[in-house]
Amino acid sequence: MAALSQPHPNIPWQRLTTPYGRGTDIPRLIETGQFESLAELAEHQGTLWQVTPWVLLELLRSLEGREPREAASGEIQVYLNVASALSGQDLGSEKPVASMGELLNETYLWPEDEEEDELEWERGEPIGYDPEAFFSYYYYSDSLLKQARPLFEEIMHLNSDLAPEVQELLELLK
C-alpha cells in the first residue's frame, strides 16, 4: 500500500484538531487500543477532522503488521465511521493538496499555544480548514481506506468474528 509505506514526519498531534479540541491524546489512545475514543475523534456527526487521515495512517500501519485474527472490532468501527462519512461524497470534483504530507505544513497547523483556540474556532475559517485542506482530509482518508482493501479482505476471510463488519466496510469503499 503506497501511502502506508511512505515515510511521514512525526505527526504533530498537539497541533491538529478533533471535534473536541487538539489531538494531543491520540498517540496514547492508539497505543492503548481505545478505539471508541479514536472513532469519536476521527469522525463526528458525519464530519472528518484534521486528525482523521493521520489516525487512519497510524491504525492501518499497525494493522498491516499484525495477523488478521488480531484485528479488533473497535478498530474496524473506526474505519466504518470514516467510510460512512465518506459515503456519497464526490471526491473527484475538487483538487486536494499535492500530498498528504503537505497537510503537516505550518500553513495548516494550529499554533503551539492553545490559549487562543476558542477564538480561532469562532473565526470564519479556522487554521487548516480552508476548502482545499478540508477536502484533502476527506480525499486522503478515502485513499488510505481504499488502499487497505486487500488487508480488509484478508481480515474478512480469516476472521469470521469480524467478517460482517468488514463486509459492511468493503461495501462502503466501492
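Every value quoted in this text rests on a predicted model; they were computed, and no experiment measured them.
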Under 3.5 Å, sequence neighbours excluded: what are the donor-acceptor pairs made by side chains of residues 29-42?
| from | atom 1 | to | atom 2 | distance (Å) |
| --- | --- | --- | --- | --- |
| T32 | OG1 | R28 | O | 2.8 |
| T32 | OG1 | Q34 | NE2 | 2.8 |

Q) Can you list the residues that meet the side-chain hydrogen bond (donor to acceptor under 3.5 Å, both in side chains) rule with W13, with sequence neighbours excluded? A) none
Q | Pairing residues for Q89 by the side chain to side chain contact (heavy atoms under 4.5 Å, CB included) criterion, not counting sequence neighbours | A | L91, Y138
Q: Apply salt bridge (Lys or Arg N to Asp or Glu O under 4.0 Å) to R15 and list each qualifying residue two or more places apart in sequence or on a separate chain.
A: E106, E112
**Q.** G46 to A85 - nearest heavy-atom pair and separation
**A.** O-CB, 3.7 Å
Q: Would you check if I11 and V51 make a side-chain contact, meaning some heavy-atom pair closer than 4.5 Å?
A: no
Q: For K95, enumerate each residue passing the salt bridge (Lys or Arg N to Asp or Glu O under 4.0 Å) test, keeping only those at least two apart in sequence or located in another chain.
A: none
Q: Under the salt bridge (Lys or Arg N to Asp or Glu O under 4.0 Å) rule, collect the residues that match up with E120, sequence neighbours excluded.
A: R123
Q | Partner residues of E43 under the salt bridge (Lys or Arg N to Asp or Glu O under 4.0 Å) criterion, sequence neighbours left out | A | none
Q: Quick one: which residue pairs count as a ring pair (Phe, Tyr, Trp, His ring centres under 6.0 Å) with a foot in residues 155-174, not counting sequence neighbours?
A: none
Q. CG of L103 to CH2 of W54: how many Å apart, nearest 0.5 Å?
A. 6.0 Å
Q. Taking atom types as modelled and ignoring hydrogens, do the side chains of S143 and Q147 form a donor-acceptor contact shorter than 3.5 angstrom?
A. yes
(Q) Ignoring hydrogens, what is the shortest heavy-atom contact between Y129 and W110? Give both atom names and the distance. (A) CE1-NE1, 4.3 Å
Q) So which pairs with a foot in residues 159-168 pass side-chain hydrogen bond (donor to acceptor under 3.5 Å, both in side chains), sequence neighbours left out? A) S73-E165, Q167-E171
Q: Could you pull out all residues at least two apart from P96 that satisfy side chain to side chain contact (heavy atoms under 4.5 Å, CB included)?
A: F135, S136, Y139, Y140
Q) D130: what forms a side chain to side chain contact (heavy atoms under 4.5 Å, CB included) with it, not counting sequence neighbours? A) Y108, E125, E132, A133
Q) For R69, which residues count as a side chain to side chain contact (heavy atoms under 4.5 Å, CB included) partner, sequence neighbours excluded? A) L158
